[in-house]
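Each chain gets a letter, A, B and so on, in the order the sequences are listed, and its residues count up from 1. Basis for what follows: all heavy atoms, side chains included, without hydrogens, waters or symmetry-related copies. All values reported here derive from a predicted model rather than from experimental measurement.
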Protein chains: 4
Amino acid sequence: MATPNPDRRSERARHAILEAALELCQEHTYGGLTMEGIAKRAGVGKQTIYRWWPSKAAILLEALQGRSSNTLNFPDTGDLRADLRSQMTQVVAAFTDPMFAAYSKGLIAAAQSDPDIANAVVTSIIKPRVDLCIDRLTSAQKDGDIRDDVDLPAMVELLYAPLYYRLLLHTRPVSEDQVDTILDLTIAGCGA
Amino acid sequence: MATPNPDRRSERARHAILEAALELCQEHTYGGLTMEGIAKRAGVGKQTIYRWWPSKAAILLEALQGRSSNTLNFPDTGDLRADLRSQMTQVVAAFTDPMFAAYSKGLIAAAQSDPDIANAVVTSIIKPRVDLCIDRLTSAQKDGDIRDDVDLPAMVELLYAPLYYRLLLHTRPVSEDQVDTILDLTIAGCGA
Amino acid sequence: MATPNPDRRSERARHAILEAALELCQEHTYGGLTMEGIAKRAGVGKQTIYRWWPSKAAILLEALQGRSSNTLNFPDTGDLRADLRSQMTQVVAAFTDPMFAAYSKGLIAAAQSDPDIANAVVTSIIKPRVDLCIDRLTSAQKDGDIRDDVDLPAMVELLYAPLYYRLLLHTRPVSEDQVDTILDLTIAGCGA
Amino acid sequence: MATPNPDRRSERARHAILEAALELCQEHTYGGLTMEGIAKRAGVGKQTIYRWWPSKAAILLEALQGRSSNTLNFPDTGDLRADLRSQMTQVVAAFTDPMFAAYSKGLIAAAQSDPDIANAVVTSIIKPRVDLCIDRLTSAQKDGDIRDDVDLPAMVELLYAPLYYRLLLHTRPVSEDQVDTILDLTIAGCGA
DNA sequence: GAGTAATCGAGACGGTACGTCCCGTCTTGTT
DNA sequence: AACAAGACGGGACGTACCGTCTCGATTACTC
């Protein structure tokens with residue numbers, strides 16, 4: 001994400017900037033996030049920010065990755081439904097946390113008008129998690145828990161898209177109940 | 001959406017503003033849309049815009065409704081899958097049209113930091129279409145094409161959410177193929 | 001000062017406008033005087049103002065004339081110095097009254113960038129008073145109280161200009177003492 | 001006159017702003033002078049103006065001081081009347097120059113509704129010149145050219161006020177003849 | 001006494017300028 | 001050479017008034 005070059009970079013400034021961005025995003029919502037505000041809060045010159053990040057969304061992205069790297073794993077207990085439920089519930093928890101929800105919504109909103117952000121979001125956040133899920137589904141398919149003709153990437157979308165749908169469209173709040181309903185319908189199907 | 005009051009309102013100005021907003025949104029993307037730009041293009045004072053709309057998103061919303069009110073119907077040929085496919089394909093067409101996609105993404109992005117917009121999007125765009133879909137599904141459920149215990153609103157989400165997911169997350173392009181996959185998985189289920 | 005024509009004019013509106021102008025000039029200083037403000041305070045449409053007056057200064061001018069028409073007289077007791085003192089003291093009183101001072105300063109300020117106002121101020125306020133003074137001085141000259149070679153219009157300026165000087169330049173407050181000093185110096189001269 | 005602080009200030013911008021203000025004041029009269037216009041002409045952001053000056057009058061004031069600092073001297077040839085005439089003629093020349101007259105009138109007009117401007121005008125323009133004149137008159141009084149009981153500050157007003165009177169009231173044009181008349185009347189007095 | 005025309009109140013309209021907030025770049029020491 | 005600080009040119013913000021322009025709803029003169 002950096003352009004100039006060296007490792008002469010001040011770790012102190014980097015940390016202060018990421019922290020300031022997270023704090024201000026909570027206080028003012030993503031839309032009220034300002035380069036100038038971050039610089040002031042972090043006690044940093046604006047130039048220092050522009051030197052290392054191309055946009056405020058990029059800062060937030062990096063800040064978020066630092067926070068949530070731990071979530072990167074997918075349980076495999078042998079019970080597919082339980083494993084999916086466990087993982088999806090973690091996502092619900094994140095989307096339900098006001099702070100995390102604000103970051104996520106802000107970042108996805110920014111992605112709509114900045115292809116770089118869009119790309120970064122997919123690559124560094126979505127893709128790794130989707131891949132883990134596909135791995136689990138592949139193993140389930142081998143075990144015969146999923147029909148052979150099921151398109152697994154599409155199935156991942158079917159499972160997670162409704163969570164994003166509620167997060168972004170604000171039709172109804174994301175909730176844990178939703179997870180069970182999604183699992184029921186997706187596994188058993190709706191047809192008679 | 002209006003605050004001051006009467007019907008002394010100039011239809012000429014209203015039209016010019018909505019048209020200008022649509023045009024500029026195509027040319028500059030939603031992020032580059034400007035109250036000042038709209039005013040200049042429409043040949044209108046800025047105050048006239050602020051008098052009737054609280055935000056640029058509100059303008060776009062009204063402009064969009066004028067354009068797409070025709071889409072409000074849901075076929076019922078007796079063939080559930082065909083009907084769903086037909087309707088979902090229309091959504092894919094809209095999301096695939098660069099202009100319409102730009103409006104939609106911009107509006108949803110704006111909704112992330114403005115509850116009024118969020119509410120207006122749901123009420124005036126999402127809800128009416130979802131309701132029509134639920135009607136169709138209800139009738140299908142009566143006909144025995146859908147299991148009785150299926151939560152229909154959740155099923156609507158299952159069908160449409162993946163389209164929004166790809167539109168907003170930019171993982172893969174929305175496509176007509178997707179519709180068939182969604183229908184397959186949703187109707188038959190993924191379980192063995 | 002009126003342009004359209006008839007005497008169909010509403011006396012009620014005329015009065016309300018003049019009163020509103022005077023009131024607002026006191027409250028907000030001349031610079032803060034607004035056509036829109038006058039209209040609202042007077043309970044009058046803006047058009048009604050523009051129909052009868054070309055500028056806010058014109059309104060104020062008319063309002064002032066209605067207030068101070070009484071002052072138009074110049075005493076002639078035979079005692080020149082006493083008569084001048086009496087008249088000049090009246091001017092000091094006016095310039096000392098905060099309300100009247102505000103009007104006067106505002107009007108003269110407006111005259112600096114509007115020749116119509118400048119002309120109206122001279123014609124309807126300054127000139128009549130200067131003429132009366134010249135009359136008194138002429139009679140004094142005949143009586144031998146003023147040297148024959150004295151340019152009377154210039155003498156009027158010598159007497160009154162210092163009052164305007166302090167009013168407009170804000171070097172020192174206008175005061176009654178000033179009158180005596182002016183009279184002393186003007187009548188006796190400063191030379192040894 | 002400046003608020004933010006340092007000497008990090010751009011001399012280039014300062015100069016461009018002062019020049020632009022003078023130019024525009026000539027072209028559009030003081031009333032048509034605009035912060036936005038100055039910024040555009042000077043090729044400068046508006047903020048840069050607001051950072052260093054509180055009002056357009058303040059800009060003009062500074063611009064004028066840069067231009068006329070040379071006039072600050074008072075001749076002393078021993079001939080009081082000649083010295084006064086020489087100095088007053090310089091003022092007449094300034095008031096007769098359309099550009100300078102425009103600045104002066106605009107500034108004094110602005111002073112009527114802005115105490116800061118009023119104060120700055122007195123302090124930085126009027127006062128220094130009055131003081132020089134008083135010095136000359138004091139020396140004349142010692143020489144016996146002026147009576148001992150004459151109030152010198154009042155005499156200064158008597159000499160100069162008529163020039164300002166004509167400048168601001170627009171009764172008659174300021175002229176060199178006026179200087180002689182003023183000197184005659186002021187030195188010899190008007191009384192018989 | 002009914003018809004008609006102009007004035008009235010109200011306030012929307014196309015505009016211009018306001019003074020503020022940020023943007024992203026640039027400049028000036030400091031570490 | 002990266003840093004904190006912040007001035008710079010610029011663009012958009014949302015507001016306040018400008019002077020013009022409809023709108024009905026009173027008037028008050030004409031027929």
Side-chain angles (χ1 to χ4, degrees), chain A residues 4-14 16 32-40 42-52 54-56, chain B residues 4-14 16 32-40 42-52 54-56, chain C residues 4-14 16 32-40 42-52 54-56, chain D residues 4-14 16 32-40 42-52 54-56:
Chain A
N5 57 355
D7 30 29
R8 292 278 232 93
R9 182 171 184 180
S10 153
E11 184 57 24
R12 186 203 134 282
R14 183 178 159 278
L33 197 57
T34 288
M35 286 304 214
E36 226 140 53
I38 295 173
K40 182 142 290 177
V44 135
K46 283 200 286 175
Q47 193 67 254
T48 302
I49 302 183
Y50 285 108
R51 201 171 355 246
W52 305 110
S55 67
K56 59 185 182 174
Chain B
N5 63 342
D7 30 31
R8 305 275 300 289
R9 181 170 184 181
S10 155
E11 184 57 23
R12 188 203 133 286
R14 184 178 158 277
L33 195 55
T34 288
M35 286 303 215
E36 219 143 59
I38 296 173
K40 181 149 290 177
V44 134
K46 280 200 285 177
Q47 193 87 74
T48 301
I49 303 184
Y50 285 109
R51 211 183 332 261
W52 304 111
S55 67
K56 58 186 184 175
Chain C
N5 61 351
D7 29 32
R8 293 277 231 94
R9 180 171 186 182
S10 155
E11 183 57 23
R12 188 203 132 282
R14 183 178 159 277
L33 196 55
T34 289
M35 286 303 214
E36 224 141 53
I38 296 174
K40 182 143 289 179
V44 134
K46 282 199 286 176
Q47 192 68 252
T48 302
I49 303 183
Y50 285 107
R51 205 178 344 253
W52 304 109
S55 67
K56 60 185 182 176
Chain D
N5 62 346
D7 29 30
R8 305 275 300 287
R9 182 170 184 181
S10 157
E11 184 57 24
R12 186 203 134 286
R14 185 178 158 275
L33 196 56
T34 287
M35 286 303 215
E36 219 142 59
I38 296 173
K40 180 149 292 178
V44 135
K46 282 200 286 177
Q47 195 88 77
T48 301
I49 304 183
Y50 286 108
R51 209 179 338 254
W52 304 110
S55 66
K56 59 186 183 175

Pick the closest DNA chain F nucleotide for A:Ala13 and for D:Ser10 by heavy atoms, then say which residue is nearer the 5' end.
A:Ala13
For A:Gly43, which contact category applies under a 4.0 Å heavy-atom criterion: base, sugar-phosphate, or nothing?
sugar-phosphate
Counting any heavy atom closer than 4.0 Å, what does A:Arg12 reach on the DNA or RNA strands: base, sugar-phosphate only, or nothing?
sugar-phosphate
Between D:Gly37 and C:Lys40, name the one whose nearest nucleotide on DNA chain E is closer to the 5' end.
C:Lys40
Residue from C:Arg12, C:Arg8, C:Arg14 passing side chain to side chain contact (heavy atoms under 4.5 Å, CB included) with C:Ser10
C:Arg12
Is there a donor and acceptor pair closer than 3.5 Å between the side chain of C:Arg9 and the base of E:dT7?
no
Measure from CD on C:Glu11 to P on F:dA28 and round the result to the nearest Å.
12 Å
Check whether the side chain of C:Arg51 and the base of E:dT7 form a donor-acceptor pair under 3.5 Å.
no
Whole-Å distance between E:dT16 P and D:Lys46 NZ?
14 Å
Distance-only donor-acceptor test, D:Gln47 side-chain atoms vs E:dC23 base atoms, 3.5 Å
no
Distance in angstrom units between A:Met35 CE and E:dC21 C1', rounded:
15 Å
Report yes if at least one side-chain N or O of C:Trp52 is closer than 4.0 Å to OP1 or OP2 of E:dA6; otherwise report no.
no
In whole Å, what is the span from the CG atom of B:Leu33 to the P atom of F:dG11?
18 Å
Taking all non-hydrogen atoms of both residues into account, name the closest pair between A:Lys56 and A:Leu33 and its distance.
NZ-O, 2.9 Å
Go nucleotide by nucleotide along DNA chain F from the 5' end; which of D:Val44 and B:Gly32 gets its closest nucleotide reached first?
D:Val44
Give the minimum heavy-atom separation between A:Gly45 and A:Ala39, together with the two atoms involved.
C-CB, 4.4 Å
Among E:dG19, F:dC13, F:dC18, the one nearest any side-chain atom of D:Tyr50 is E:dG19
Can you tell me the distance, in whole Å, between the CG atom of D:Asp7 and the P atom of F:dA5?
17 Å
Nearest whole Å is fine: how far is E:dA5 C1' from C:Arg8 CZ?
6 Å
What's the spacing between C:Lys46 NZ and C:Ile38 CD1 if we round to 0.5 Å?
11.5 Å
Would you mind reading off the distance between B:Glu36 atom CD and E:dG15 atom C1', rounded to a whole angstrom?
12 Å
Within 45° of the ring axis of A:Trp52 and under 6.0 Å from its six-membered ring centre, is that where the NZ or CZ of A:Arg9 lies?
yes
Return no unless some side-chain N or O of D:Thr48 is found under 4.0 Å from OP1 or OP2 of F:dG9.
yes
What is the distance, to the nearest angstrom, from the NZ atom on B:Lys56 to the P atom on F:dC13?
7 Å
